[in-house]
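To keep things clear, I will list the structure first and then write my remarks on it.
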Amino acid sequence: MATTSNPFLQADGKKPTCMEMLQSILDGDATSDQKDYFKQHMDHCMPCYKEYNLDMAIKELLKAKCCGGSCPEDLVSQIKSKINSSAT
Amino acid sequence: MEFEDAPRQHYSEKEKQEVFDGEFMPHIHSMYNFGYRLTLDRDDAKDLVQDTYLKAFRFIESFQKGTNAKAWLFRILKNSFINDYRKKSKEPSKVDYQEIETYYNSEEVDRQITPDLRVESLKDMIGDEISNALNSLDVDFRTVIILCDLEGFKYEEMAKILDIPIGTVRSRLHRARNLLKEKLKSYAQSMGYNKA
Ligand SMILES: [Zn+2]
């Protein structure tokens, strides 16, 4: 196990749990140092490896399926006309 | 309606139109999707988005040109949803946040509670399963997933949009992800996966 300093270490020296590291990555809060560190961590932590792959797959699926495409065509024109009629 | 402690801006009519068209309107599709995911109704979503844009125009001088328009708009929409829409509907807030904090802080849940949902079974969810699973979550949990995973907002932005501390954003996201996984797991089971 390489002993590069842990970029997840908090100011008070508290060591983050696997779950905390994983959540930072998932939530898009991790720095690139932290991402690199976590990649190495996954080489010897099977639970993290599995959970990471599952969570990322869900995130991808959400993006692919729930982003809804476009708003109704008339919505933009309705907003514009309301604003123009309210402006003096 | 102010987002940051930005001083009140002074815009000419022309500038107002420029900010509105150039900085607000480009987010209309994301805004509509947010509105739809909150109300789960396409007509209500339209009303909510229209209402949000009219408010944004009315309060445009509390918005500082070139700052985070998307977060500002999302915040107005979220507030309109709570104040105008949610009041009308009978859906009560079912979430006990005290419970969540306790849940989040207890050590034994450090390992996930859903180890048997597998990536392979997700690959077969090519229909509406994920969308239905998301929609079935309580609105407060749904919201953080939308903001983080669909829209890519950061903790700080989410905290401002939702008027909650960053720690609460984190714990709510954590809980929301687990609830979503539970839903997906039961879909996977009902579809006959995860058996082998
Ligand atoms: Zn680990």
Side-chain angles (χ1 to χ4, degrees), chain A residues 8 10-12 14-32 34 41-42 45-88, chain B residues 13 16-17 20-21 25 28-37 42-43 45-46 49-50 52-54 57-58 107 109-112 114-115 117-120 122-123 125-131 133-135 144-146 148-155 158 169-170 173-174 177 180-181 184:
Chain A
F8 283 96
Q10 286 150 19
D12 56 7
K14 189 173 158 274
K15 214 169 160 256
T17 62
C18 285
M19 185 206 70
E20 284 166 344
M21 291 194 287
L22 179 56
Q23 198 188 352
S24 292
I25 305 265
L26 278 178
D27 294 354
D29 189 54
T31 63
S32 59
Q34 289 175 328
H41 169 80
M42 280 193 290
C45 183
M46 198 54 175
C48 274
Y49 175 78
K50 281 171 126 176
E51 205 59 44
Y52 172 82
N53 283 308
L54 178 62
D55 287 339
M56 288 310 269
I58 294 174
K59 202 170 160 120
E60 289 307 313
L61 196 58
L62 279 167
K63 262 192 262 182
K65 292 284 176 183
C66 301
C67 274
S70 302
C71 72
E73 277 177 24
D74 54 351
L75 182 57
V76 175
S77 57
Q78 278 171 13
I79 292 172
K80 291 248 171 199
S81 78
K82 286 226 171 178
I83 281 178
N84 290 332
S85 67
S86 74
T88 44
Chain B
E13 288 306 314
K16 282 186 192 174
Q17 282 299 336
F20 193 82
D21 292 341
M25 287 314 270
I28 190 140
H29 300 300
S30 296
M31 291 282 283
Y32 177 74
N33 194 46
F34 187 36
Y36 170 64
R37 294 282 163 194
R42 303 223 170 256
D43 290 326
K46 252 179 99 170
V49 171
Q50 176 166 309
T52 302
Y53 272 91
L54 296 182
F57 189 76
R58 214 175 328 135
E107 280 298 316
V109 291
D110 197 346
R111 272 286 47 101
Q112 299 295 338
T114 55
L117 175 64
R118 295 195 316 222
V119 176
E120 301 81 71
L122 289 178
K123 297 217 168 93
M125 295 189 183
I126 50 174
D128 294 330
E129 297 90 354
I130 185 89
S131 183
L134 177 62
N135 292 352
V144 285
I145 297 267
I146 297 165
C148 181
D149 290 343
L150 301 187
E151 302 298 340
F153 283 114
K154 300 291 179 203
Y155 286 149
M158 289 188 266
V169 172
R170 270 185 78 103
L173 259 171
H174 175 76
R177 291 191 196 288
L180 188 65
K181 265 187 259 185
L184 292 174

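In what follows, every chain begins at residue 1, and chains take the letters A, B, ... in the order their sequences are listed. Because the structure is a prediction, the values reported are computed rather than measured.
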Which one of A/Cys67, A/Cys66, A/Ala57 has the most heavy-atom pairs closer than 4.5 Å to chain B?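 Heavy-atom pair counts peak at A/Cys66.
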Nearest-0.5 Å distance that lies between atom CD in A/Glu51 and atom CG in B/Leu117: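 Rounded to the nearest 0.5 Å, the CD-CG separation comes to 9.0 Å.
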Separation between NZ of A/Lys80 and CD of B/Gln17, rounded to the nearest 0.5 Å: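 Here the interatomic distance stands at 6.0 Å.
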Can you say whether [X] sits under 4.5 Å from chain A via the side chain, the backbone, both, or neither, judging by heavy atoms?
X        : result
B/Met31  : neither
B/Tyr155 : side chain
B/Lys154 : side chain
B/Phe20  : side chain
B/Leu173 : both
B/Arg37  : side chain
B/Leu180 : side chain

Donor-acceptor contact below 3.5 Å, side chain A/Asp27 vs main chain B/Cys148: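 No; zero donor-acceptor contacts below 3.5 Å.
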Would you confirm whether B/His29, through its side chain, and A/Cys71, through its main-chain N or O, come within 3.5 Å as a donor-acceptor pair?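 Here the side-chain-to-backbone pair exists.
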In terms of heavy-atom pairs under 4.5 Å with chain A, which of B/Val144, B/Asp21, B/Val169 leads?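 That would be B/Asp21.
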Would you say A/Ile58 and B/Arg177 make side-chain contact, with heavy atoms under 4.5 Å?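 No, too far: nothing below the 4.5 Å cut-off.
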Flag the pair A/Asp55 / B/Lys181 as yes when at least one side-chain heavy-atom distance between them is below 4.5 Å, and no otherwise.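 Side chain of A/Asp55 against side chain of B/Lys181, heavy atoms only: contact under 4.5 Å found.
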Of the non-hydrogen atoms in [X] and [Y], which two are nearest, and what is the gap between them?
X        : Y       : value
B/Leu150 : A/Leu62 : CD2-O, 3.3 Å
B/Ile130 : A/Lys65 : CG2-CB, 3.3 Å
A/Ile83  : B/Tyr53 : CD1-O, 4.3 Å

Could you tell me which residues satisfy side-chain hydrogen bond (donor to acceptor under 3.5 Å, both in side chains) with B/Asp128, sequence neighbours excluded, listed by chain and number?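 Checked B/Asp128 against side-chain hydrogen bond (donor to acceptor under 3.5 Å, both in side chains); zero matches.
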Using the side-chain hydrogen bond (donor to acceptor under 3.5 Å, both in side chains) criterion, which residues pair with B/Gln50? Sequence neighbours excluded.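 Partners of B/Gln50 under the side-chain hydrogen bond (donor to acceptor under 3.5 Å, both in side chains) test: none.
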For A/Glu73, I'd like to know if atom CD has over 12 heavy atoms of other residues, nucleotides or ligands within 6.0 Å.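 No.
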Kindly indicate, with the supporting measurements, whether the criterion side chain to side chain contact (heavy atoms under 4.5 Å, CB included) is fulfilled by A/Leu61 and B/Leu184. CA-CA 11 Å; A/Leu61 196 58; B/Leu184 292 174; 5.5 Å; no
